[in-house]
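Okay, structure first, notes after.
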Amino acid sequence: MKKPPARDGTILEDDLRVHPMAHYLRMERMPHIWCSSCGLGSSMTCFIMGMQESGIDEKRVTVVSGIGCTGRMAGYLNLDSFHTTHGRALPFATGLALANPDLRVVVISGDGDIAAIGGNHLIHSARRNMDMLILCINNFTYGMTGGQAGPTTPVSAKATTAPYGAYEYPFNLPYLAMASGATYVVRWTALHLRRLKNSIAEAIPKKGFRFIEVISPCPTAYAHKNRLGTGLDLMKFYHDNSIIKHGADPREADIEFTGKIIVGKFLDIERPTFTELMTQNVAKKFGGGR
Ligand code: SF4
């Protein structure tokens, strides 16, 4: 068995032979818990490559995750990272962004964590235009706990809590993010590797509330329950059924069970961030800023 790397983060030659991204991974946490052909691996690879491409000093990047399969990412990335409580990744990220505005704060979590238990934090963080990048990996279910219906489960998709098909309307996350105040809104699938990587590279240096949704397969819970094949089948299905429409109104981007998926960059604007407005306000009152 391979020896774990030194806990001080030293990368051993063996690690690089095992994984070309060993530098960015906590190899002592491997093997990971993700199922075979889950979309989380490719999503994390795109994040690492996008971060590299952005040229940002990785010591300035902090990753915050909530609970769930996606939430494991914070523990696997060899960056300053926080694996927080369920639904509370955004408040943790808000604290980090306010305490150290030089940090590039990235929240990576799932649809259940971000849009259900953390839904209120999502709309208010976007409303404030907090300086953070959100990578929401949307697999339409609660994978880790066995495949319950969640806030993005399409109508008629089956789940353990909806054996005859879900009958609640799902959130359209890009529309929700934009309507709440996000300044950068993008959607790709977990197989749009280059495009997702490019969007991450573009979004990391930007200011304000940036939201990237990644439509990703959960073979174990969602695909199995809905007889949609393996994770690779489903990843390919999402990719091949997507229509790239940059600048589309996210209101058109609802997702129906096994329907077409509109992807692309929907929004990229600038408006003063929470930190900028707060600094201006303090400067006006006291004649100085932070
Ligand atoms: Fe991925 Fe689903 Fe397995 Fe979780 S349960 S690791 S989301 S395939």
Side-chain angles (χ1 to χ4, degrees), residues 19 21 24-48 63-79 81-90 92-93 106-119 121-122 133-154 157-162 166 170-171 173 187-193 196 200 211-226 228-235 237-238 255:
H19 199 290
M21 290 187 181
Y24 295 99
L25 299 174
R26 295 180 204 219
M27 296 301 285
E28 73 275 18
R29 305 289 304 273
M30 299 293 140
H32 57 71
I33 64 155
W34 295 329
C35 309
S36 163
S37 80
C38 175
L40 288 169
S42 62
S43 302
M44 187 164 78
T45 300
C46 288
F47 171 70
I48 293 172
V63 172
V64 186
S65 289
I67 298 299
C69 296
T70 312
R72 291 283 168 152
M73 232 181 263
Y76 295 148
L77 287 163
N78 194 18
L79 300 165
S81 58
F82 298 83
H83 188 189
T84 70
T85 47
H86 206 351
R88 311 300 174 222
L90 275 76
F92 272 83
V106 183
V107 173
I108 309 180
S109 224
D111 47 299
D113 191 67
I114 285 184
I117 190 166
H121 301 306
L122 170 66
L133 166 62
I134 312 294
L135 213 55
C136 180
I137 316 295
N138 180 4
N139 54 25
F140 307 126
T141 193
Y142 289 96
M144 183 175 263
T145 47
Q148 293 83 0
T152 58
T153 307
K158 289 193 176 131
T160 49
T161 49
F171 272 140
L173 293 180
R187 174 195 279 160
W188 295 116
T189 76
L191 204 54
H192 282 100
L193 303 172
L196 175 58
I200 291 167
F211 186 87
I212 299 179
E213 181 187 28
V214 184
I215 305 298
S216 173
C218 167
T220 302
Y222 186 77
H224 178 71
K225 202 86 200 152
N226 287 287
L228 294 169
T230 67
L232 281 179
D233 294 333
L234 192 51
M235 213 179 308
F237 177 83
Y238 290 151
I255 294 180

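I212 is listed as a side-chain neighbour of I200, based on a closest heavy-atom distance under 4.5 Å. Looking only at side-chain heavy atoms (C-beta outward), N138 and I114 stay at 4.5 Å or farther from each other. In this structure the side chain of F237 never reaches within 4.5 angstrom of the side chain of D233, judged on heavy atoms. Under the 4.5 Å side-chain criterion, counting only non-hydrogen atoms from C-beta, V106 is not in contact with M73. Annotation: side chain of P170 is not in contact with side chain of T153 (no heavy-atom distance under 4.5 Å).
Minimum heavy-atom separation, A159 to A149: CB-N, 3.4 Å. For the residue pair C136 and F211, the shortest heavy atom distance occurs at CB-CZ, 3.8 Å. V107 and A93 make their closest contact through CG2-CB, 3.5 Å (heavy atoms, listed as atom of the first residue, atom of the second, distance). Of all heavy-atom pairs between S65 and G71, the closest is CB-O, 3.2 Å.
Side chain of D111 to backbone of N139: a donor-acceptor contact under 3.5 angstrom is found. A donor-acceptor contact shorter than 3.5 Å is absent between the side chain of H83 and the backbone of I67.
Ring to ring, F140 and Y222 are close: their centroids are under 6.0 angstrom apart.
Taking CZ from R88 and OG from S109, the interatomic distance works out to 12.0 Å, rounded to the nearest 0.5 Å. Once rounded to the nearest 0.5 Å, the distance linking OG1 of T230 with NE2 of H224 reads 13.0 Å. Atom CD of Q148 is separated from atom OG1 of T160 by 4.0 Å, given to the nearest 0.5 angstrom. The distance from the CG atom of L135 to the CD1 atom of I108 is 5.0 Å, given to the nearest 0.5 Å. Here the OH atom belonging to Y24 is positioned 11.0 Å from the CG atom belonging to L77, to the nearest 0.5 angstrom. With rounding to the nearest 0.5 angstrom, the CD1 atom of I137 is 10.5 Å from the CE atom of M44.
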Open item on the list: Assess the residue pair T84 and V64 against the criterion (side-chain contact (heavy atoms from CB on, under 4.5 Å)); give the C-alpha distance rounded to whole Å, side-chain angles, the decisive distance to 0.1 Å, and a yes or no.
Closed with: CA-CA 7 Å; T84 70; V64 186; 3.6 Å; yes
TODO: Assess whether side-chain contact (heavy atoms from CB on, under 4.5 Å) is satisfied between I48 and L25, documenting all intermediate values.
DONE: CA-CA 9 Å; I48 293 172; L25 299 174; 3.9 Å; yes
Run the side-chain donor-acceptor check on residues 33-41: report pairs under 3.5 Å with partners two or more places apart or on a different chain.
| residue | atom | partner | partner atom | Å |
| --- | --- | --- | --- | --- |
| W34 | NE1 | C69 | O | 2.9 |
| S37 | OG | G231 | N | 3.0 |

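Scanning for ring pair (Phe, Tyr, Trp, His ring centres under 6.0 Å) contacts around F47 gives an empty result, with sequence neighbours left out. Checked against side chain to side chain donor-acceptor pair (under 3.5 Å), H86 has the following partners two or more places apart in sequence or in another chain: D113. A190 meets the side chain to side chain contact (heavy atoms under 4.5 Å, CB included) test with S42, S43, V214, S216, P217, M235; sequence neighbours excluded. Legend: residues meeting side chain to side chain donor-acceptor pair (under 3.5 Å) with R72, ordered by chain and number and at least two apart, are absent. Scanning for ring pair (Phe, Tyr, Trp, His ring centres under 6.0 Å) contacts around Y142 gives an empty result, with sequence neighbours left out.
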